[in-house]
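Notes to accompany the following structure.
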Amino acid sequence: MTSVHSTTQLPLNLEWVRATFPSVGKEWVFLDNAGGSQIAQPVIERLNQYLLTSNVQLGASYAVSQLASQRLAQANQAAAMFINAADPAEVVMGPSTSLLLRILASCLSQTFKSGDEVIVTNCDHEANITPWLELQRQGIKVKFWLLRPETLALDLVDLENLLSDKTRLVALTHASNVLGTINPIREIADLVHRSDALLCVDGVGYAPHRLIDVQAMDVDFYVFSYYKVYGPHHALLYGKHQHLLPLPSFNHSFIGKADLPYKLQPGGANYELSYSTLGILDYLEQLVPDDNALTQRDRLSYAFDSISAYEEMLSDRLLSFLLSQPQVKVIGETRCDRQIRVPTVAFTVTDVDSATVPPRLEPYHIGIRSGDFYAKRLIQDLGLAAQNGVVRVSLVHYNTLEECDRLIEQLEPLLSA
Ligand SMILES: Cc1ncc(COP(=O)(O)O)c(C=O)c1O
């Protein structure tokens, strides 16, 4: 059995948690949360509140428009607090991580010159690879930082060997959406900055599980999607002010460089979805007992500490079972330690097409998924494409040990058949 951190200090009130997700605990067991999480009730309430009482264009002088403007400013400030950005102007909202990274690459590339270099990994979701690969068209060289197949981890020595005085940017994932492994972002940022390059981190696989602190990590750009963090189909891009400011505008011709974040939000960010993200914070803060001495970030930190300790138990239950099965190969970190991984667990079964596994769980109303999860290069480089990728079980804190056991019970006969 792998080691589990203590959960006695900050236990989650699981009954309350599950009751706060209206779709959880009904017919289906949702175990494909890295694909998209269920939505928390306070998010729905904020969404309704916005649409029912302030659904007008921003910036006019009449009271309802003033209220709408205030609400959007409030959402922007709260998002900055959520990730510990120094300034709300550093927070860009948009419809998806994929689109925000496209916008970033399009603008940033205009500050690059032919011969400059960008480094991407082979274990990222394609959202943080394709936009950078496209820069090859303007003469930018793209190098791949490859996962070491024997450890299934990125090695910093390999990055050091790839960095040069021409490197302008390194793009990588915080936690792989297949392997679940957490990359040491601060260490990587220090290395990248020593080469005077920028670091762009895809936090999609990490954000549902841990509190983000962009300043502590010293990242230059950081992006994640709210629909995996108990919210709506909406996304956030953080950029350090000094790096966002020189970027050209992606908005109308008369929107200037200084107009942050609006210059990177053409057409404006969706108002009601932006406002609804406040509901995520409403929810997370309620995971913490009342204590007036705590700041809002302290409370979030407590909430994610409870979440991650609990999730480690879920990982342990699942990994212990999978590791006990001789036909199963866990693809990724086999330890459940929350310092090392999030509870996104991928595996293959000897001589079994991964695509055949999830449908066999559907009669039991257990929702999991197989494939490459758009981390296509990883699946190809690990030689798993012919097997239709991996089977992935991705847990979050509203899942229970009983749900893990229900999965295990139905999975076991499939593995020995
Ligand atoms: C790790 C990771 N990065 C990026 C994305 C893309 O996010 P979006 O759907 O918001 O474009 C996903 C989506 O599954 C993902 O898992």
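Remember, it's 1-based here, ligands and their atoms both numbered in the order they're listed. Because the structure is predicted, anything quoted here is derived from the model rather than measured.
The contact shell of ligand 1, taken as protein residues with any non-hydrogen atom closer than 4.0 angstrom, comprises Ser96, Thr97, Ser98, His125, Ala127, Asn177, Asp202, Val204, Ser225, Tyr227, Lys228.
Dense packing is recorded around NZ of Lys143, with more than 12 heavy atoms of other residues, nucleotides or ligands lying under 6.0 Å away.
Looking only at distances, no side-chain donor or acceptor of Arg369 sits under 3.5 Å from a matching main-chain atom of Ser394. When atom types are taken as modelled, the side chain of Asn183 and the backbone of Ile185 share no donor-acceptor pair closer than 3.5 angstrom.
Heavy-atom minimum distance, Val92 versus Leu100: CG1-CD2, 4.0 Å.
The residues Asp190 and Arg194 are annotated as not salt-bridged, no charged nitrogen and carboxylate oxygen being separated by less than 4.0 angstrom.
Here Tyr398 and Phe30 keep their ring centres 6.0 angstrom or further from each other.
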